[in-house]
Amino acid sequence: MRAIVVPVSGDSSVLEHTELPDPVPGPGEVLVDVAASGVNFIDVYHREGRYPMPLPFVPGSEGAGTVAAVGPGVTDLVAGDRVAWANVIGSYASKALVPAGKAVLLPEGLSPELAAGVLLQGLTAHYLTHSTYAVRQGDDVLVHAAAGGMGLLITQMAKLRGARVIGTVSSPEKEKLARQAGADEVIGYGEVPEAVRRITGAGVHVVYDGVGAATFEGSLASLRPRGMLALYGAASGPVPPFDPQRLNTAGSLFLTRPTLAHYTATREELVSRAGELLGWVVSGALKVHISQRYPLAEARRAHDDLEARRTTGKLLLIP
């Protein structure tokens with residue numbers, strides 16, 4: 001099979017396109033012919049060693065395709081089933097081993113490319129808006145990087161739940177995309193928190209922040225008393241050490257650093273979230289913006305584009 005391998009931690013230059021022996025599914029696993037692999041910031045963190053991985057490894061945490069073979073003990077999937085998965089390392093390849101318990105059947109009418117383009121970020125947006133802070137009708141919500149893959153999905157889900165959404169962007173092109181996704185107000189990063197306070201008066205109920213170091217202070221200053229900062233990523237770098245006493249003086253604020261694994265901890269929770277998410281995509285209630293598709297061999301370019309913020313929406317690798 002063809003695959004991308006990370007032999008040592010580092011920048012995008014460490015990504016190697018190579019051939020590996022075809023894997024064989026073990027107990028509880030399925031072998032999938034990969035149709036598309038999603039590119040996510042967590043892949044960058046794995047490559048850099050920020051989230052350490054045993055070396056060498058095949059990166060990629062998300063994909064979709066067709067089951068080619070099943071391992072011993074797998075009874076609910078068969079060869080020919082169309083599936084998608086998230087939080088499974090090894091997706092930057094033409095074939096992937098996936099634990100059967102992590103594979104989600106695709107509904108009729110949903111292409112593997114769309115599934116690979118929405119599952120990981122869509123599940124993340126779902127738990128953020130439905131569980132970490134359950135958005136309510138009339139809430140004010142600040143979404144950073146509102147034109148990115150995550151931002152577009154969070155914006156749409158917050159609107160589905162009745163919120164007023166303020167999005168931050170870095171260009172007029174990205175402002176257009178954020179407004180198309182439903183953002184009521186779109187501002188520049190440098191306008192936070194002043195513009196947020198001007199729009200809302202008291203501040204927002206929740207900030208969804210995947211940017212990290214560059215936006216952290218403005219995010220905190222944008223919250224109303226008892227508001228929540230959901231820090232779900234660190235695209236600009238990790239937040240420095242923080243004195244929790246500041247949450248008290250700023251209005252009894254809440255700060256959380258959630259991760260998808262803890263919100264899909266059981267098979268039932270994964271299937272429930274994925275079923276609702278993919279159902280919205282099929283019905284058209286949720287739009288998936290796939291901005292670029294790269295051949296698998298061009299994974300370096302995909303990472304470079306993602307890290308340089310030259311992209312909007314979702315990036316895919318096509319084996």
Salt bridge (charged side-chain N to carboxylate O under 4.0 Å, His left out), that's the test. Do R198 and E194 meet it? Break it down for me. CA-CA 6 Å; R198 183 179 69 249; E194 291 79 12; over 6 Å; no
For the pair [X] and [Y], find out whether any cationic side-chain nitrogen is under 4.0 Å from an anionic carboxylate oxygen.
| X | Y | result |
| --- | --- | --- |
| R164 | E185 | no |
| R161 | D139 | no |
| R246 | E217 | yes |

Have [X] and [Y] got a donor and an acceptor in their side chains that come within less than 3.5 Å?
| X | Y | result |
| --- | --- | --- |
| Y263 | T132 | yes |
| E191 | Y189 | no |
| S91 | W85 | yes |
| S12 | D304 | yes |
| T215 | D209 | yes |
| R2 | H17 | no |
| S9 | R50 | no |

Measuring from atom CG of L177 to atom OG1 of T312, what distance do you get when rounded to the nearest 0.5 angstrom?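 Here the rounded value is 5.0 Å.
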Expected output: side-chain S236 to main-chain A213 donor-acceptor under 3.5 Å: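 Checking the backbone N and O of A213 against the side chain of S236, a donor-acceptor pair under 3.5 Å is found.
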All side-chain hydrogen bond (donor to acceptor under 3.5 Å, both in side chains) counterparts of R179, not counting sequence neighbours: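 Only E175 meet the side-chain hydrogen bond (donor to acceptor under 3.5 Å, both in side chains) criterion with R179.
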Within a reach of under 6.0 Å around NZ of K159, are more than 12 heavy atoms found that belong to other residues, nucleotides or ligands? yes
Check the angle between the aromatic planes of H126 and H130 and answer parallel, tilted or perpendicular using the 30° and 60° thresholds. parallel
